[in-house]
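Convention: sequence-line order gives letters A, B, ...; per-chain numbering from 1.
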Amino acid sequence: MGGMAARQNDQAEIKQKVTCKRETFEDLMDVYQLLLEAYGPRHWWPAETPFEMMVGAILTQNTTWVNVEKAIRNMGKRLTSDYIAAAPLEELGELIRSSGYFRQKAQRLKNLTEWYAQYTYDIEKARARKGEALRAELLAIKGIGPETADSILLYALDKLFFVIDAYTRRILERLGYTLPQTYDELRMVIEQNILADLTVYQEFHALLVEHAKRHCTKEPRCCACPVEGICWYRQGKVT
DNA sequence: GTCCAGGACC
DNA sequence: GGTCCAGGAC
């Protein structure tokens with residue numbers, strides 16, 4: 001009699017267990033280590049100069065990197081602050097057409113360059129400022145949101161801000177973490193649980209991108225995944 | 001041809 | 001939630 005009720009209880013408990021999530025982000029560095037061992041250091045961001053890095057950050061918004069590469073190649077020697085500052089909007093747009101949203105992005109490149117002018121296009125002058133101040137300035141630029149701002153802060157300005165993108169969310173979801181809704185909440189909880197080191201920040205984001213492309217694709221390819229041992233999606237605990 | 005991935009702003 | 005876009009997958 002009690003046996004039946006107890007069994008139903010067990011099943012209810014099991015059901016609850018499979019739908020719950022990781023409680024904390026304390027083991028994030030384990031994820032980092034596994035990805036680093038699997039893929040090796042990525043040495044991101046792929047750019048010749050800090051300015052090219054910032055340009056790439058805008059061009060890659062909602063766009064695959066191959067299309068950005070075409071745009072960067074197309075700009076060639078014109079990939080300079082002086083050219084962008086002076087070029088007609090339409091001409092600039094044509095150069096970067098392959099990266100999509102080219103009218104918006106042409107204007108955004110001009111906005112970025114206008115901001116950079118106050119540092120006389122000198123990255124060291126910008127780096128001399130506090131990260132928080134730079135972040136506020138970048139976010140005030142029309143066309144630069146949190147992800148683009150943090151990419152620029154991390155990869156061009158050497159400031160400790162963790163970059164959150166769609167790949168980051170997808171991977172962490174699948175691993176089983178409970179993600180805060182907002183960008184900054186997620187960024188800060190990650191920052192509180194990883195080593196405060198520029199290389200770790202830079203590599204971790206790059207490794208997440210690599211992982212999202214090789215294994216944690218939209219349709220996951222879990223075979224031989226370097227984090228399958230700790231992944232809750234792989235273990236059927238989350239969908 | 002249609003569909004889709006992918007940030008920021010309105 | 002709608003809009004901005006090219007290019008690759010199908």
Side-chain angles (χ1 to χ4, degrees), chain A residues 42 44-47 51-76 78-79 84 87-116 134-157 159 161-174 179-191 201-202 204-222 225 233 239:
Chain A
R42 311 313 302 155
W44 255 33
W45 181 295
F51 183 70
E52 184 182 318
M53 184 278 140
M54 297 192 278
V55 168
I58 285 178
L59 295 184
T60 201
Q61 290 170 350
N62 253 33
T63 306
T64 57
W65 185 250
V66 280
N67 292 340
V68 177
E69 280 183 322
K70 287 176 193 168
I72 288 175
R73 230 181 298 129
N74 212 28
M75 289 195 74
R78 288 166 292 199
L79 211 169
I84 292 173
L89 205 52
E90 214 176 284
E91 185 180 303
L92 182 57
E94 281 311 310
L95 287 175
I96 61 167
R97 178 180 271 274
S98 68
S99 68
Y101 311 98
F102 59 91
R103 292 183 192 87
Q104 293 188 53
K105 285 177 180 175
Q107 183 59 58
R108 289 175 185 185
L109 289 184
K110 279 186 167 289
N111 298 344
L112 169 78
T113 305
E114 201 176 321
W115 162 81
Y116 198 31
L134 289 167
R135 190 169 199 265
E137 289 181 7
L138 288 169
L139 289 176
I141 298 170
K142 192 173 167 187
I144 293 188
E147 184 189 333
T148 308
D150 289 337
S151 304
I152 291 173
L153 288 162
L154 182 59
Y155 292 105
L157 296 167
K159 304 297 180 184
F161 290 89
F162 200 85
V163 180
I164 310 295
D165 64 359
Y167 297 150
T168 308
R169 283 192 171 272
R170 185 166 75 204
I171 293 167
L172 296 181
E173 281 288 352
R174 288 197 180 135
L179 304 191
Q181 302 298 313
T182 72
Y183 181 97
D184 280 315
E185 278 179 315
L186 178 56
R187 175 176 62 80
M188 288 190 285
V189 77
I190 291 176
E191 289 173 353
Y201 274 50
Q202 291 176 337
F204 204 165
H205 174 66
L207 287 164
L208 287 170
V209 172
E210 188 64 23
H211 183 56
K213 289 183 171 162
R214 291 215 218 163
H215 288 282
C216 214
T217 40
K218 187 130 202 234
E219 269 320 304
R221 298 198 286 257
C222 300
C225 169
Y233 175 87
T239 50

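- As rounded to whole Å, 11 Å separates atom C1' of B/dC10 from atom CZ of A/Arg108.
- Separating the CG atom of A/Asn67 from the C1' atom of C/dA6 is a distance of 6 Å, rounded to the nearest angstrom.
- Atom-to-atom, CD of A/Gln107 to C1' of B/dA8 comes out at 14 Å; the value is rounded to the nearest Å.
- Among the heavy atoms of the strands lying under 4.0 Å from A/Thr148 are primed sugar atoms or P, OP1, OP2 only; no base atom is included.
- Minimum atom distance to the side chain of A/Ser98 is reached by C/dG7, of the listed B/dG7, C/dG7, C/dC5.
- Taking 4.5 Å as the limit, some side-chain heavy atom of A/Met54 sits within range of a side-chain heavy atom of A/Tyr116.
- Taking atom CD1 on A/Ile144 and atom P on B/dA8, their separation rounds to 9 Å, with Å as the unit.
- Counting any heavy atom pair closer than 4.0 Å across all strands shown, A/Lys105 reaches no nucleic acid atom.
- The closest side-chain heavy-atom distance from A/Arg97 to A/Asn74 is not below 4.5 Å.
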In dot-bracket form, how is DNA chain C paired, counting a Watson-Crick or G-U wobble pair only if both its distances are under 3.5 Å and using | for bases paired to another strand? |||||.||||
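- Taking atom CD1 on A/Ile164 and atom C1' on B/dG7, their separation rounds to 14 Å, with Å as the unit.
- With its ring centre under 5.5 Å from that of the base six-membered ring and a plane angle below 30°, A/Tyr101 counts as stacked on C/dC5.
- Within 4.0 Å (heavy atoms only), A/Gln104 reaches at least one base atom of the nucleic acid.
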As a quick check of understanding, evaluate side-chain hydrogen bond (donor to acceptor under 3.5 Å, both in side chains) for A/Gln202 and A/Arg42, giving each step before the final call. CA-CA 9 Å; A/Gln202 291 176 337; A/Arg42 311 313 302 155; over 6 Å; no
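- With no hydrogens or angles considered, no side-chain donor-acceptor pair links A/Gln107 and A/Arg103 at under 3.5 Å.
- If you check C/dC5, C/dG7, B/dG7 against the side chain of A/Lys70, the one that comes closest is C/dG7.
- Between A/Thr63 and A/Val66, the one whose closest nucleotide on DNA chain C sits nearer the 5' end is A/Thr63.
- At the phosphate of C/dC5, OP1 or OP2 sits under 4.0 Å from a side-chain N or O atom of A/Arg103.
- Residues of residues 51-62 of chain A having a heavy atom closer than 4.0 Å to DNA chain B, listed by number: A/Gln61, A/Asn62.
- Residues A/Ile190 and A/Leu172 are in side-chain contact: their nearest non-hydrogen atoms beyond the backbone lie under 4.5 Å apart.
- The minimum heavy-atom distance between A/Thr182 and A/Arg169, with the atom names listed, is O-NH2, 3.4 Å.
- A/Glu173 has no carboxylate O lying under 4.0 Å from a charged side-chain N of A/Arg170, or vice versa, which leaves the two without a salt bridge.
- A heavy atom closer than 4.0 Å to some atom of DNA chain B occurs in no member of residues 88-96 of chain A.
- In this structure, the CD atom of A/Glu219 is 13 Å from the P atom of B/dC4, given to the nearest Å.
- The interatomic distance linking A/Arg97 (CZ) with C/dC5 (C1') rounds to 9 Å, in whole Å.
- Of the candidate nucleotides B/dC9, B/dA8, B/dG6, B/dC9 has the atom lying nearest to any side-chain atom of A/Lys142.
- A/Ile72 has its side chain within reach of A/Trp65: a pair of non-hydrogen atoms, C-beta onward, lies under 4.5 Å apart.
- In this structure, A/Arg187 is not positioned above the aromatic face of A/Phe162 in the sense of NZ or CZ being under 6.0 Å from the six-membered ring centre and within 45° of the axis.
- Between A/Asp150 and A/Arg135 there is a salt bridge, since a side-chain N of the basic residue sits under 4.0 Å from a carboxylate O of the acidic one.
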Apply side-chain contact (heavy atoms from CB on, under 4.5 Å) to A/Trp45 and A/Leu154, showing your working. CA-CA 9 Å; A/Trp45 181 295; A/Leu154 182 59; over 6 Å; no
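- Within the nucleic acid shown, A/Tyr167 comes within 4.0 Å of sugar-phosphate atoms alone, with no base atom in reach, counting heavy atoms only.
- Between the CG atom of A/Asp184 and the P atom of B/dA8 there is a distance of 12 Å, given to the nearest Å.
- Enclosure of atom CD in A/Glu114 is not indicated, since only 12 or fewer non-hydrogen atoms of other residues, nucleotides or ligands lie within 6.0 angstrom.
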Residues A/His205, A/Ile164; criterion side-chain contact (heavy atoms from CB on, under 4.5 Å); working and verdict: CA-CA 8 Å; A/His205 174 66; A/Ile164 310 295; over 6 Å; no
